[in-house]
Amino acid sequence: MKRIGLDRRANAFTLVELLVIIFTTVMLVVLIFSGMTRAKRESLQKVCVNNLKQVGLAFRLWPSGSSDRYPMAYSTNDEGTLEFVATGETFRHFQVMSKELVTPKLLVCPSDTRLAATNFTILLSNSNISYFVGVDAEETQPEMLLSGDRNISN
């Protein structure tokens, strides 16, 4: 009878072994989750960069009489947004390019807390846009900022 009791005890984990197993499992879970959050953050940044690329292409495709100027340089009489430069209504610059942008969802970075507008005409406002516009940008001066993310930080 005593021999059976000793066999059971010999087959069980000791307290130290059990603690090592629990510690190793917890460390693996922490490493996996930290890697997943970093990968998610990086993928959101890539989507923001892709959105900015689409915005840049929309500026380039915007129909104008002169190929080296953007909508901010044209009067509203010429389907531009020059009069809105001083008002701070950034959404107007994107609104004029609605045919090139296709959807207003491109104007919100996924890592931003802003909600995307459902259309360009009624619901679009500065609160639905994650990006800014370089109002002095010209194609002949490529070092100037055309657009960027409002959430830029160190």
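Position 1 is the first residue of the sequence; numbering continues from there. Small disclaimer: the values here were computed from a predicted structure and weren't measured.
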**Q** Hydrogens and angles aside, do Ser125 and Asn128 bring a side-chain donor and acceptor to less than 3.5 Å of each other?
**A** yes
**Q** Considering all heavy atoms of both residues, which atom of Leu101 and which atom of Ala58 are nearest to each other, and what is their separation?
**A** CD2-CB, 3.5 Å
**Q** Applying a strict under-4.5 Å side-chain criterion to I, L, V, M, F, W and Y, I'd like to know whether Phe91 and Met97 cluster together.
**A** yes
**Q** A side-chain contact here means heavy atoms from C-beta on lying under 4.5 Å apart; do Cys48 and Ser130 qualify?
**A** no
**Q** So, taking the atom named CD in Gln45 and the one named OG in Ser111, what distance separates them when rounded to the nearest 0.5 Å?
**A** 7.0 Å
**Q** If hydrophobic clusters are built from ILVMFWY residues whose side chains come within less than 4.5 Å, do Phe23 and Val29 share one?
**A** no
**Q** Among the clusters formed by ILVMFWY side chains lying less than 4.5 Å apart, do Phe120 and Val108 turn up in the same one?
**A** no
**Q** Given Arg60 and Glu139, is the salt bridge (charged side-chain N to carboxylate O under 4.0 Å, His left out) satisfied, shown in steps?
**A** CA-CA 8 Å; Arg60 298 279 313 258; Glu139 192 159 338; 2.8 Å; yes
**Q** Just wondering, do Val135 and His93 contact through their side chains at under 4.5 Å, heavy atoms?
**A** yes
**Q** Kindly check if the number of other-residue, nucleotide or ligand heavy atoms within 6.0 Å of CD (Glu83) is above 12?
**A** yes
**Q** Where is the tightest heavy-atom contact between Thr90 and Ile129, given as atom of each residue plus distance?
**A** C-CD1, 4.3 Å
**Q** Are Leu146 and Trp62 co-members of a hydrophobic cluster defined by side-chain heavy atoms under 4.5 Å apart?
**A** yes
**Q** What are the two closest non-hydrogen atoms of Ala12 and Glu17, and how far apart are they?
**A** O-OE1, 4.4 Å
**Q** Heavy atoms, side chains only, cut-off 4.5 Å: are Pro110 and Asn51 in contact?
**A** yes
**Q** Find the distance between CE (Met27) and OG1 (Thr25) and round it off to the nearest 0.5 Å.
**A** 11.5 Å
**Q** Looking at Asp149 and Tyr131, would you say the former's side chain and the latter's main chain have a donor-acceptor pair under 3.5 Å?
**A** no
**Q** What I'd like to find out is whether the side chain of Val133 reaches to under 4.5 Å of the side chain of Tyr70, using heavy atoms alone.
**A** no
**Q** Is it possible for you to say whether Met72 and Leu107 belong to one hydrophobic cluster, with membership spreading through side-chain heavy-atom contacts below 4.5 Å?
**A** yes
**Q** Mind checking the OG-CD spacing from Ser147 to Gln54? Nearest 0.5 Å is all I need.
**A** 11.5 Å
**Q** With side chains defined as the heavy atoms from C-beta onward, is the minimum distance between Phe94 and Leu106 less than 4.5 Å?
**A** no
**Q** Search all heavy atoms of Asn126 against all heavy atoms of Arg150 and return the closest pair with its distance.
**A** O-NH1, 3.4 Å
**Q** For a quick test of reading the model, state the closest non-hydrogen atom pair linking Pro71 to Val96 and the distance between them.
**A** CB-CG1, 3.7 Å
